[in-house]
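Contents: one structure, followed by commentary.
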Amino acid sequence: MSELFIYNSYTREKEKFESLVPGHAGLYVCGPTVSGESHLGHARPYITFDVVYRYLTHLGYKVRYVRNITDAGHFEEEGRVAEDKVATKAQLERLEPMELVQKYTNLYHWGMRAFNNHEPSIEPTATGHIIEQINMIQDIIKKGYAYEVNGSVYFDVKKYAEKYPYGKLSGRVLEDQLETTRDLDGQDEKRNKADFALWKNAPPEHIMRWTSPWGEGFPGWHIECSAMSSKYLGQTFDIHGGGMDLQFPHHESEIAQSTIAHGHAPVRYWMHNNMITINGKKMGKSYNNVIKLTELFSGNHPMLEQAYHPMVVRFYILQTHYRSTLDFSNEALQASERALKRLWEAYEVLKKLVHPGNAEAADSKLDAEVITKCKECDDFMNDDINTAKVIGNLFELVPVINSIKGGQIATNALSASTHALLLQTFKTYIQDILGLQPLQVQQGDKIDQVLSLLIDIRRDARTRKDFATSDQIRNKLSEAGITLKDEKDGSVSYTIE
RNA sequence: GGUCGCGUAGCCGAGUGGCUAGGCAAUGCUCUGCAAAAGCAUCUACAGCGGUUCGAAUCCGCUCGCGACCUCCA
């Protein structure tokens with residue numbers, strides 16, 4: 001049996017995955033900052049690591065999957081500003097930070113459900129772990145790697161770099177960082193430009209604030225992940241995932257903080273997914289080219305030619321290896337939609353096929369080929385979660401399935417065990433590991449009865465060669481989004497959009 | 001400017017030095033009352049130039065083009 005290898009961004013090599021505790025695996029993924037709506041770019045890490053989570057589970061690991069929610073910081077909403085500059089403003093008129101956070105957390109959860117992402121085992125919030133963060137900061141100060149200035153606390157990167165390989169994860173040289181000419185907030189307070197904030201003093205107008213040993217303020221961006229991951233997964237844990245754009249400074253800082261606080265590096269395997277691009281450019285806030293999930297699912301965006309089902313988006317993302325960039329286009333999404341329909345229909349056909357039960361394959365060559373294609377799926381997943389190759393193989397099996405149904409391939413061509421393997425492979429991969437769901441609306445009994453009636457009437461018409469009537473039924477149903485298919489065996493099946 | 005990565009057929013996209021990935025689109029054929037679906041077949045590409053090698057999309061060098069990070073960012 002082959003073993004799982006994953007590409008470790010830290011060592012830049014594919015490494016054999018061995019969990020810290022046999023049989024258990026710890027997975028931490030950077031979750032969203034809930035100060036705005038999730039967009040297509042955000043979908044990628046959550047779908048990617050959902051598959052990682054599913055696959056580890058499939059391999060038999062008991063996985064603890066932690067995905068945080070960043071709900072602390074400078075939060076604003078268009079038209080309403082969280083930083084209330086008028087102290088006398090009525091409570092209900094100003095924006096409550098938690099109100100904003102609640103709204104976007106709900107929307108985010110809605111998106112995750114639509115994508116059929118499993119819920120994480122623990123979904124900790126930054127605001128719920130202020131004490132843990134303060135404790136960790138105090139610890140770092142005590143160990144001499146952080147200093148306080150005017151109610152803010154900064155991590156001493158220069159000192160850290162003397163002893164530890166700062167910049168290794170992101171491939172950066174500290175000297176370059178020290179020479180940066182950027183003019184950033186709080187730059188004057190820092191000893192060095194590369195230092196980052198662990199705790200920020202809150203100006204009077206900042207509503208989101210907590211009491212700390214350094215006065216009222218709020219935690220720095222990086223500390224929450226370190227505090228929460230160590231709390232729930234331990235000071236060393238297996239996999240930390242996130243987007244490539246988080247490598248620096250976010251993940252680099254996490255490593256530095258945790259290394260000082262705990263005396264060793266926090267993460268054994270770093271995994272980073274690549275970006276989704278649009279017209280060649282990264283989709284991101286700064287580029288003003290985002291397509292929000294609500295827009296994507298409704299088609300309500302100038303760049304969208306149609307609405308795209310969440311499963312189509314999921315499939316589209318999984319058709320590419322997670323470390324490659326993925327370019328958005330209507331054409332690509334539409335291709336994914338057709339492809340997914342084809343794959344799913346083949347799966348439905350396969351579920352209904354009845355195998356005659358022969359233990360020996362009538363076509364041993366085909367039989368061997370099918371076995372190979374099925375088994376290869378495991379190898380592909382084990383090779384750094386290559387969902388693109390898995391999907392490729394599934395598609396190579398589609399003609400086999402359709403041909404058995406269509407009669408081009410004999411029903412006894414495959415042995416009973418190979419047939420079972422084929423069905424098992426499709427089920428395991430399509431549903432359990434890739435986490436796909438049917439696009440088709442689940443029809444109720446009543447619709448089913450009505451359609452049966454129409455199909456019967458049409459069948460009678462066809463028998464009488466009254467094609468005008470039969471075509472009318474088919475065309476009208478088609479306009480309503482219901483497609484009738486005359487099967488070879490004389491039966492009629494239908495799909496509802 | 002520094003660091004890293006990418007450039008694959010009409011489009012998307014996988015590719016570990018040698019054996020047509022795959023999807024979508026297109027064309028032809030088969031099946032069908034006609035469709036749809038399905039099956040079969042066709043379309044055989046690796047930015048350019050040079051090098052290593054019996055053999056390179058895959059390794060090395062150079063050139064051109066594109067992008068990411070260096071600042072909030074999935």
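Proteins get letters first, then strands, A, B, ... in listed order; numbering begins at 1 in each.
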Aromatic contact between A:His251 and A:His222, with the criterion being ring centroids under 6.0 Å apart: yes or no? no
For residues A:Glu189 and A:Tyr154, is any side-chain donor paired with an opposing acceptor at under 3.5 Å? yes
Given RNA chain B, 5'-ward residue of the pair A:Lys282 and A:Asn393, judged by closest heavy atom: A:Asn393
Quick one: label A:Arg462 by what it contacts on the DNA or RNA (base, sugar-phosphate, nothing), any heavy atom closer than 4.0 Å. base
When we call it a touch if two heavy atoms are under 4.0 Å apart, what does A:Met275 touch: a base, just sugar-phosphate, or nothing? base
Does a side-chain N-to-carboxylate-O contact under 4.0 Å join A:Asp383 and A:Lys14? yes
Do we see A:Phe467 stacking on the base of B:G33, given a limit of 5.5 Å between centres and 30° between planes? yes
Return each pair, listed once, that meets salt bridge (charged side-chain N to carboxylate O under 4.0 Å, His left out) where at least one residue sits in residues 311-332 of chain A; pairs must be two or more places apart or across chains. A:Asp50-A:Arg314, A:Arg323-A:Asp384
Check whether the side chains of A:Asp367 and A:Ser364 place a donor and an acceptor atom closer than 3.5 Å, and report yes or no. no
Looking at A:Lys389 and A:Asp379, is there a salt bridge between them, counting it only when a charged N and a carboxylate O are closer than 4.0 Å? no
Give, ordered by number, those residues of residues 406-414 of chain A having at least one heavy-atom distance below 4.0 Å to an atom of RNA chain B; if nothing qualifies, reply none. A:Gln408
What nucleic acid atoms does A:Arg459 come within less than 4.0 Å of, heavy atoms only: base, sugar-phosphate, or nothing? nothing
Under 4.0 Å, counting only non-hydrogen atoms across every strand here, what does A:Lys281 touch: a base, just sugar-phosphate, or nothing? sugar-phosphate
For RNA chain B, whose closest nucleotide is more 5', that of A:Gly280 or that of A:Met283? A:Gly280
Contact under 4.0 Å: A:Arg323 side-chain N or O vs B:C6 OP1/OP2: no
Quick one, give me the B/S/- string for nucleotides 11-16 of chain B, reading 5' to 3', where B means a protein heavy atom under 4.0 Å from the base and S means that only happens at the primed atoms, P, OP1 or OP2. SSSSS-
Give the minimum heavy-atom separation between A:Asp71 and A:Met208, together with the two atoms involved. O-CE, 3.0 Å
Is A:Arg464 paired with A:Asp466 through a side-chain N to carboxylate O contact shorter than 4.0 Å? yes
Residues A:Glu348 and A:Lys351 bridged, charged N to O under 4.0 Å: yes
